Amino acid sequence: MRYSEAFIPTLKEDPAEAEVISHKLMMRAGCIRKLTAGVYTYLPYGLAAIRRVERIVREEMNRAGAIELMMPMVQPADLWRESGRYIKYGPELLRFTDRHERESCLGPTHEEVITDLIRKELHSYRDLPVNLYQIQTKFRDEIRPRFGLMRGREFLMKDGYSFDADDAGAEITYWKMHEAYKRIFSRCGLRFRAVQADSGTIGGNFSHEFMVLAKTGEDTIVACAACEYAANVEKAAIAAPTPAQPGTALCETVETPGKKKVADVCAFLGIEASELVKTMIYLADGKPVAVLVRGDREVELVKVKNMLKAVDIVPATDDEAFAATRMPPGYLGPVGLPIVICADQEVMAMAECVVGANEKNSHLRHVVPGRDFQVDANRIGDLRRVAATDRCPRCGGALEMTEGIEVGHIFKLGTGYSEAMKANFQDADGQERPFVMGCYGIGVSRVVAACIEQNHDEHGMVFPVPLAPYQVIILNLGVQDEKITACAEELYAELQQAGIDVLLDDRDERPGAKFKDADLLGVPFRLTIGKTFLTKGLVELRARRSGESVEVAPESLVTLLCQRIEAAMPE
RNA sequence: CGGGAUGUAGCGCAGUCUGGUAGCGCACCUGAAUGGGGUUCAGGGGGCCGGAGGUUCAAAUCCUCUCAUCCCGACCA
C-alpha cells in the first residue's frame with residue numbers, strides 16, 4: 001500500500017474521550033472512530049489488524065476440526081423464551097419489535113440459534129460430534145461501555161458451539177478447544193494465561209478464560225507460583241479452613257456507640273478485623289439475604305450468586321436492608337436475624353467472633369458460630385474473595401495476583417440448552433438424548449485492543465509481527481530525488497513480490513512527520529531511504545520494538561527481512 | 001441505575017465566575033523557502049459556542065429543561 005493512497009488519519013494529540021492507552025493509540029493511529037457510545041467504525045488500519053486475528057482464529061479452529069458458518073444477528077424473541085433467557089439475559093439484550101409487531105432481539109451470543117439449527121438438522125449419534133463457529137458482529141447493550149474496543153456494545157466475536165453425544169465426548173471437544181485457544185493466542189504473539197473461570201450467565205459447569213496479561217485489565221486473576229493453577233478471582237477456590245475449638249465464653253452485649261465500620265469497631269474493642277464477622281445484605285433476585293464473612297475479608301458476589309443459584313444479585317441499599325431486616329444498618333449481626341443467612345466457611349470455623357447486635361450502638365462478643373446462631377449446611381461455603389495471602393488450593397504454593405484482559409472464554413455447557421429447547425438425537429440404543437454442548441468465544445476486536453495494551457511505548461503502538469497490518473514500512477525521505485525514489489519503489493515491488501505486506505510512505509512530508517507516523521503505527525520493521533543511500537548506497541533497517549538499526553545494501557534486504565519476519569513469528 | 005465532570009472550528013483547548021456580539025495551538029487552503037525526528041515565514045478559509053425554552057436593550061456567559069460524551073461506583077452495612 002502506498003501511504004499517499006491509504007486512508008490512515010493519524011492524530012497528533014490524544015482525543016479527550018480516550019482514557020486507556022489502547023483506546024488513545026487506536027484513535028491516534030487511525031484504527032477506529034467512534035460513532036456512538038461503545039460503537040466504532042473500524043478504519044482500514046484497524047480492520048487490517050482485526051483481519052490478522054481472524055485469519056489465525058480461522059486456521060486454528062479449522063485445524064481443530066471446527067467448521068465455519070454464519071448465523072443471523074436478528075433473532076426472534078420466541079427462541080430466547082424457549083431457552084428461558086429472554087428474561088434471564090436482562091437489559092443487555094437489545095430488544096425491538098418489527099413492523100409486524102414481532103418481538104426480536106439483536107444477538108449477543110448464539111446458543112439459541114445454533115441449538116435450533118442443530119435440533120432441526122441432526123438426529124443421529126452418527127452425525128456427532130459437530131463443532132461449528134462463526135466470526136460475526138455481536139451487540140450487547142452494556143451498562144457502561146468503556147475503553148474503546150475493550151468493552152464496546154458492538155464488537156467482533158468468534159463464537160463456536162459443539163455438540164457431542166455424551167459427556168466424555170464433550171470433554172474431549174472441550175480440551176481440543178482449550179488447545180486451539182492456546183495456539184491462537186500464542187500465534188498472535190500475546191502473553192496470556194488460561195485460567196479457571198466462573199461460567200456466568202451462559203451457565204454450565206466447566207470453564208476457562210484466556211487472559212491477556214496487561215495492567216489495564218478489568219479482571220484480576222490469581223496464579224500459583226509453584227504449579228499450573230490459575231483462576232479468575234471470581235472463581236478462585238479457597239481451601240476449607242481447619243475448624244477451631246469452639247469458644248466456651250458466653251455471648252454478651254457490648255456498647256459500641258457510633259461504631260459502624262469494621263475498622264472503628266475493631267479499634268474501639270481492641271480486636272483485629274479477623275476476629276469480627278460482618279453481615280452484608282444483598283438482594284438475590286429481589287429477595288434479601290445476609291452474607292457473613294470475616295471482617296478482614298471481601299464477599300465474592302459471584303460465589304454467593306452461584307451458591308444461591310440466583311440470576312442477579314446486588315448489594316442492598318440501607319433502606320432496602322432496613323426494610324428486609326427491621327434492624328439498624330451498621331449493627332447487623334446473624335444472631336436473631338429474620339432473613340436467609342449464608343456464611344463463608346471460614347466464619348463457621350472461628351472459635352468465636354464479634355458481630356453486630358441488631359440493636360443500635362451495640363455489638364455482641366464471644367459469639368460462637370453454630371452455637372449462638374445457625375446457618376443451613378447448604379448455605380455454608382466458600383464465599384469470600386481470594387487474597388494475596390491465601391495459598392494455592394491445589395498445591396499449597398504461594399499465589400500471585402495479576403490484572404488480565406479476557407480475550408477468550410470456553411464453557412462446557414452440558415445439556416442445559418438442549419433440554420430447554422428439546423434438542424435431541426437418537427443414540428445407538430435407540431434412546432432420545434439431549435446433545436451435550438460446549439461453547440467457545442473469542443473477542444476478536446478486543447484481542448487487538450489487548451494486544452496494544454500489552455505492546456506499546458511512549459511513541460506509539462508496537463505491533464507483534466503476526467498481528468501487524470504491515471510488517472514493513474518504507475520511508476522515502478527524498479520524494480523529490482530520483483535515485484532515492486527509484487530505490488524505494490524497487491524495494492516496495494520486491495518486498496510485495498516476496499509476499500510481505502508493506503507500506504510505502506511516498507507522501508511529500510518532512511522526515512520528522514514520517515518517523516513519527518511510522519512509530520505511531522507500530523510497524524515492526526522500518527526501512528529508511530535517504531541521505532545514507534546517496535552517500536553510501538545503504539538503507540537503514542530498524543526494528544520498532546528494540547530500536548536496533550543496521551545499514552544494509554538494498555539487494556540483500558528482501559532475504560534479510562524475510563528471515564527477520566520469519567524469526568518473529570511465534571510457533 | 002447512583003455520583004462526578006465535560007460539551008466552543010476537524011483535533012486539543014481558553015473565554016463562562018464578573019452578560020457587550022468568539023479566540024489560541026495543531027490540522028486545512030495559497031505562495032515561497034526547507035528536506036534524517038511532527039520545519040519556517042507570509043497570506044487565507046472555516047464556528048446556530050450540543051439542543052430547546054426563559055431572563056435581558058444585549059446571552060457562549062445567568063436560569064430551567066433536555067440530549068450527548070467521559071470517569072467513578074454499583075462488595076466493607
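Chain letters run A, B, ... following the sequence lines, proteins first and then strands; every chain starts at 1. Worth saying up front: this structure is predicted, and the values here are computed from it rather than measured.
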Query - A:Thr485 OG1 to A:Glu490 CD distance, which is reported to the nearest 0.5 Å - result: 12.5 Å
Query raised in the report: Any ion pair linking A:Asp296 and A:Arg294 (charged N to carboxylate O, less than 4.0 Å)?
Result: yes
Report summary line: Among B:C71, B:A77, B:G36, the one nearest any side-chain atom of A:Leu332 is B:A77
Close N or O pairs between protein and nucleotides 39-43 of chain B (under 3.5 Å):
none

**Report entry** Pairs where residues 527-538 of chain A contributes a residue and the test salt bridge (Lys or Arg N to Asp or Glu O under 4.0 Å) is met, not counting sequence neighbours
**Finding:** A:Lys536-A:Glu551
Query raised in the report: Is A:Glu300 touching bases, backbone alone, or none of the nucleic acid, heavy atoms closer than 4.0 Å?
Result: nothing
Query raised in the report: Does A:Arg33 count as lying over the ring of A:Tyr42, i.e. NZ or CZ under 6.0 Å from the six-ring centre, within 45 degrees of the axis?
Result: no
Query raised in the report: Distance between the C1' atoms of B:G10 and B:A5, in whole angstroms?
Result: 24 Å
Requested in this report: Can you tell me the pairing partner of B:U55 across any strand shown, Watson-Crick or G-U wobble, with both distances under 3.5 angstrom?
Outcome: none
Query raised in the report: In whole Å, what is the span from the CD atom of A:Glu13 to the P atom of B:G10?
Result: 15 Å
Query - Distance in angstrom units between A:Glu509 CD and B:U34 C1', rounded - result: 13 Å
Query raised in the report: Can you tell me how far C1' in B:C11 sits from the matching atom in B:U30, rounded to whole Å?
Result: 23 Å
Report task. Give none if B:G46 has no partner; otherwise give the nucleotide forming a Watson-Crick or G-U wobble pair with it, both distances under 3.5 Å. Result -> none
**Report entry** Members of residues 530-553 of chain A that approach RNA chain B, where some heavy atom sits under 4.0 Å away
**Finding:** A:Gly530, A:Lys531, A:Thr532, A:Glu540, A:Arg542
**Report entry** Sugar-phosphate only, base, or nothing, as touched by A:Glu17 at under 4.0 Å among non-hydrogen atoms
**Finding:** sugar-phosphate
Report task. Give a yes/no on whether any side-chain N or O of A:Lys34 is located under 4.0 angstrom from OP1 or OP2 of B:C70. Result -> yes
Report summary line: Between CG of A:Asn361 and P of B:A77 the distance, given in whole Å, is 15 Å
**Report entry** ring pair (Phe, Tyr, Trp, His ring centres under 6.0 Å) against A:Tyr470, all qualifying residues, sequence neighbours excluded
**Finding:** none
Query raised in the report: Is a side-chain donor-acceptor pair under 3.5 Å present for A:Asp506 with A:Tyr3?
Result: no
**Report entry** C1' gap between B:G51 and B:A60, integer Å
**Finding:** 14 Å
Requested in this report: Check side-chain hydrogen bond (donor to acceptor under 3.5 Å, both in side chains) between A:Thr253 and all other residues, then give those that pass, not counting sequence neighbours.
Outcome: none
Query raised in the report: Are A:Arg95 and A:Glu103 within salt-bridge range, i.e. N to O under 4.0 Å?
Result: no
**Report entry** Whole-Å C1' distance, B:U56 and B:U21
**Finding:** 14 Å
Query raised in the report: B:G37, B:G12, B:G38: which one has an atom nearest the side-chain heavy atoms of A:Phe515?
Result: B:G37
Query raised in the report: When you check the side-chain N and O atoms of A:Thr137 and A:Glu154, is any donor under 3.5 Å from an acceptor?
Result: no
Query raised in the report: When all nucleic acid strands are considered with a 4.0 Å heavy-atom cut-off, which category describes A:Leu475: base, sugar-phosphate, or nothing?
Result: nothing
**Report entry** Check: A:Ser4 side chain, A:Arg2 main-chain N or O, donor-acceptor pair, under 3.5 Å
**Finding:** no
Query raised in the report: Counting only non-hydrogen atoms, which of residues 479-491 of chain A are less than 4.0 Å from RNA chain B?
Result: A:Gln480
Query raised in the report: Looking at the side chain of A:Ala37, which of B:G38, B:A77, B:U69 is the nearest nucleotide?
Result: B:U69
Requested in this report: Scan A:Val299 against the nucleic acid and name what it touches under 4.0 Å (heavy atoms): base, sugar-phosphate only, or nothing.
Outcome: base
Requested in this report: Just call it for A:Asp14: base, sugar-phosphate, or nothing, with non-hydrogen atoms closer than 4.0 Å on any strand.
Outcome: sugar-phosphate
**Report entry** Watson-Crick or G-U wobble mate for B:U69, both contacts under 3.5 Å
**Finding:** B:A5
Query raised in the report: For A:Lys516, which contact category applies under a 4.0 Å heavy-atom criterion: base, sugar-phosphate, or nothing?
Result: base
Requested in this report: Answer with base, sugar-phosphate or nothing: what part of the nucleic acid does A:Leu477 contact at a heavy-atom distance below 4.0 Å?
Outcome: base
Report task. Could you tell me which residues satisfy ring pair (Phe, Tyr, Trp, His ring centres under 6.0 Å) with A:Phe139, sequence neighbours excluded, listed by chain and number? Result -> none
Query raised in the report: To the nearest angstrom, how far is A:Arg507 atom CZ from B:C28 atom C1'?
Result: 15 Å
Query raised in the report: Residues from residues 368-378 of chain A sitting under 4.0 Å of RNA chain B, heavy atoms only?
Result: none
**Report entry** Basic-acidic side-chain contact under 4.0 Å: A:Glu142, A:Arg153
**Finding:** no
Query raised in the report: At their closest point, which heavy atom of A:Leu520 faces which heavy atom of A:Arg28, and how far apart are they?
Result: CD2-O, 3.4 Å
**Report entry** Identity of whatever pairs with B:G19 - Watson-Crick or G-U, under 3.5 angstrom
**Finding:** none
Query raised in the report: Looking at the side chain of A:Arg526, which of B:G38, B:A77, B:G37 is the nearest nucleotide?
Result: B:G37
Requested in this report: Could you work out the separation of B:A74 and B:G12 based on their P atoms and round it to a whole Å?
Outcome: 29 Å
Query raised in the report: Looking across every strand, which nucleic acid part, if any, lies under 4.0 Å from A:Asp508 by heavy atom: base, sugar-phosphate, or nothing?
Result: base
Query - Rounded distance in Å - CE (A:Met26) to P (B:C11) - result: 19 Å
Query raised in the report: Under 3.5 Å, is there a donor-acceptor pair linking the side chains of A:Arg545 and A:Asn455?
Result: yes
Query - Partner nucleotide, any strand, of B:C24 [Watson-Crick/G-U, under 3.5 Å] - result: B:G12
**Report entry** For B:U61, the Watson-Crick or wobble counterpart (both distances under 3.5 Å)
**Finding:** none
Requested in this report: For B:A9 versus B:C1, give the span between their C1' atoms, rounded off to a whole number of Å.
Outcome: 36 Å
Query raised in the report: Is A:Phe322 touching bases, backbone alone, or none of the nucleic acid, heavy atoms closer than 4.0 Å?
Result: nothing
Query raised in the report: Using a cut-off of 4.0 Å on non-hydrogen atoms, how would the nucleic acid contact of A:Arg384 be classed: base, sugar-phosphate, or nothing?
Result: nothing
Donor-acceptor pairs are to be reported for all side-chain atoms of residues 259-269 of chain A against protein atoms at under 3.5 Å, with residues two or more places apart or in another chain.
none

Query - Counterpart residues, side-chain hydrogen bond (donor to acceptor under 3.5 Å, both in side chains), relative to A:Ser274 (two or more places apart) - result: none
Report task. Could you let me know what B:G37 is paired to, Watson-Crick or G-U wobble, both distances under 3.5 Å, or none if it's on its own? Result -> none
Query - Rounded P spacing from B:A58 to B:G19 in Å - result: 15 Å
Query raised in the report: With a non-hydrogen cut-off below 4.0 angstrom, is A:Thr36 in contact with a base, only sugar-phosphate, or nothing?
Result: sugar-phosphate
Query - Pairwise C1' distance, B:A32 and B:C70 [rounded to whole Å] - result: 44 Å
Let me check something: any side-chain donor-acceptor pairs from residues 10-20 of chain A under 3.5 Å, sequence neighbours excluded? List them with distances.
residue : atom : partner  : partner atom : Å
A:Thr10 : OG1  : A:Asp517 : OD1          : 3.1
A:Glu17 : OE1  : A:Lys34  : NZ           : 3.0

Report summary line: Atom CD1 of A:Ile474 and atom P of B:G36 are separated, to the nearest Å, by 19 Å
Query raised in the report: Can you list every pair that meets salt bridge (Lys or Arg N to Asp or Glu O under 4.0 Å) and has a residue in residues 469-485 of chain A, with sequence neighbours left out?
Result: none
